[in-house]
Amino acid sequence: MTRWIGTSFKMNKTLSEARAYAAGLSSALQERPELLHGVQPFIIPPHTALAAVAAELAAQSAPGEPDVPGRGSVVRLGAQNAHWEDDGAWTGEISVPQVADAGAELVEIGHSERREHFGETIETTRLKVASVLRHGLVPLLCIGEPAQVQERGETAAYILDQARGALRGLPADQLSRVLIAYEPIWAIGAQGRPATAAELREPFEVLSREYAGKVQALLYGGSVSPENALEMLLIPGVQGLFVGRAAWTLQGYLEILRIASTVEKPHVSGLG
């Protein structure tokens, strides 16, 4: 079972900082291949750094794919957002073909910050998932409930509504390429409260019943750190981690990769 371990830089890192991170990551993984034991790393820099990061990751590229920066790298590269239309008068937006052209293989969709501040809805997440799949990339669908929903005991219904709405109508072969990251809103960000294993068991039981063996993997994100990464990975149904600020330093990310590479535990299996 492959554990997906990744991070989004959000609106952080200049071009030179992102390039240095990617170069350091490539070098570290060459020197310490044991970090890749059962692990699929991925990083999601700002759009401005996509092409540069792809070029740095090219040192890890597999033979036979010289024309696509970063493709074939042991590290999968993602974009933080993309529009559902391929082109057009959408000032300030970026399309799936454009992020693919810059080297991205994944596209993050529906993060709670996008939903809260930029009007992302269940319908727009559905349109974006469809566009990402149409162009052969991997959608990373983020779902999660606010504190008020959790306090009312309505987490399961809330996150299933988000997931079902975004993935509605997908045939099995397309659904099998999707990653789902459960990120409770109350657990993310600088003010987030780390979730306990007990709080995560029910959401992952629900998501596993609905999607295990159908999607590529179910990930957890929300105040993940080297201190709790192992505990999170041992929760039944968790098949990877989507890490925030703890992985914004290369040392922090490498430590979480190290922890993930040592985990030997049966999961509800996915297709990844």
Side-chain heavy atoms of Leu257 within contact of Leu29, under 4.5 Å: yes
Indicate the atoms forming the closest heavy-atom contact of Pro203 with Ile159, along with that distance. CB-CD1, 4.0 Å
Hphob cluster co-occupancy, Leu77 + Leu137, side-chain heavy atoms under 4.5 angstrom: yes
Would you say Asp87 has more than 12 foreign heavy atoms packed within less than 6.0 Å of its CG? no
Minimal non-hydrogen separation, Leu200 against Tyr220, with atom names: CD2-CE1, 3.5 Å
Worked check of side chain to side chain contact (heavy atoms under 4.5 Å, CB included) between Leu179 and Phe242: CA-CA 11 Å; Leu179 298 168; Phe242 193 23; over 6 Å; no
Could you go through Val215 and Leu141, starting from their C-alpha distance and side-chain angles, then the distance that decides it, and tell me whether this counts as side chain to side chain contact (heavy atoms under 4.5 Å, CB included)? CA-CA 11 Å; Val215 299; Leu141 175 66; over 6 Å; no
Closest non-hydrogen atom pair between His83 and Glu85, with its separation: ND1-N, 2.9 Å
Those residues that, when tested against Asn12, pass side-chain contact (heavy atoms from CB on, under 4.5 Å) (two or more places apart): Lys10, Trp248
Report the distance from atom CG of Leu35 to atom CG of Leu254, rounding to the nearest 0.5 Å. 6.5 Å
To the closest 0.5 Å, what do you measure between OG (Ser208) and CD1 (Ile235)? 11.0 Å
Value for CD (Glu108) from SG (Cys142), rounded to nearest 0.5 Å, stands at 4.5 Å
So Arg114 and Gln80, side chain to side chain contact (heavy atoms under 4.5 Å, CB included) or not? Walk me through it. CA-CA 10 Å; Arg114 297 290 311 175; Gln80 294 182 24; over 6 Å; no
Do Val96 and Arg134 touch side chain to side chain, with heavy atoms closer than 4.5 Å? no
To the nearest 0.5 Å, what is the distance between OH (Tyr158) and CZ (Arg152)? 9.0 Å
Counting only pairs under 3.5 Å, give me each side-chain donor-acceptor contact of residues 38-55, with atom names and distances, residues two or more places apart or in other chains.
| residue | atom | partner | partner atom | Å |
| --- | --- | --- | --- | --- |
| Gln40 | NE2 | Val74 | O | 2.9 |
| His47 | NE2 | Asn81 | O | 2.9 |

For Ile188 and Gly222, work out which heavy atoms get closest and say how close. CG2-CA, 3.7 Å
Does a sphere of radius 6.0 Å around CD in Glu202 hold more than 12 heavy atoms from other residues, nucleotides or ligands, not counting ones at 6.0 Å or beyond? no
So Glu199 and Arg193, do their side chains get closer than 4.5 Å, heavy atoms only? yes
Is Arg3 reaching over with its side chain to a backbone N or O of Leu233, donor-acceptor style, under 3.5 angstrom? no
Does the Ser26 side chain pair with the main chain of Ala23, one donor and one acceptor, at a distance under 3.5 Å? no
Test your reading of the model: is there a side-chain donor-acceptor pair from Gln162 to the backbone of Gly144, 3.5 Å cut-off? yes
Run the numbers on Glu227 and Ser225 for side-chain hydrogen bond (donor to acceptor under 3.5 Å, both in side chains), then give the verdict. CA-CA 5 Å; Glu227 290 69 37; Ser225 68; 3.2 Å; yes
Is it true that the side chains of Trp186 and Glu145 contain a donor and an acceptor less than 3.5 Å apart? yes
Answer whether the closest heavy-atom distance between the side chains of Arg115 and Thr125 falls below 4.5 Å. yes
Are any side-chain N or O atoms of Asn228 and backbone N or O atoms of Ser223, one a donor and one an acceptor, separated by less than 3.5 Å? yes
Gly110 and Glu120 have their tightest heavy-atom pair at N-OE2, 3.5 Å
Given the options Leu170, Thr124, Leu175, Val129 meets side-chain contact (heavy atoms from CB on, under 4.5 Å) only with Leu170
If we only count heavy atoms from C-beta on, is the Tyr182 to Val206 side-chain gap below 4.5 Å? no
Rounded to the nearest 0.5 Å, what's the gap from NZ on Lys214 to OG on Ser176? Could you check? 12.5 Å
Check the hydrophobic clustering (I, L, V, M, F, W, Y; side-chain heavy atoms under 4.5 Å; chains of links allowed) and say if Leu133 and Tyr211 are grouped together. yes
When you measure from the side chain of Ser131 to the backbone of Leu127, do you find a donor-acceptor pair of N or O atoms at a distance under 3.5 Å? no
Considering only heavy atoms from C-beta outward, does the side chain of Trp90 approach that of Ser95 to under 4.5 Å? no
Pick from Ile180, Leu218, Leu160: which one makes a side-chain contact (heavy atoms from CB on, under 4.5 Å) with Glu210? Leu160
Can you name the closest pair of heavy atoms from Tyr21 and Lys13 and give their distance? CD1-CE, 3.8 Å
Does a side-chain heavy-atom distance below 4.5 Å link Leu241 with Met232? yes
Joint cluster assignment, Val243 & Leu234, ILVMFWY side-chain distance < 4.5 Å: yes
Quick one: pull up CD1 in Ile5 and CD1 in Ile256 and give me the separation to the nearest 0.5 Å. 8.0 Å
Yes or no on side chain to side chain contact (heavy atoms under 4.5 Å, CB included) for Glu17 and Phe9, after CA distance, side-chain angles and deciding distance? CA-CA 11 Å; Glu17 289 168 341; Phe9 296 164; over 6 Å; no
Would you check if Gln150 and Pro184 make a side-chain contact, meaning some heavy-atom pair closer than 4.5 Å? no
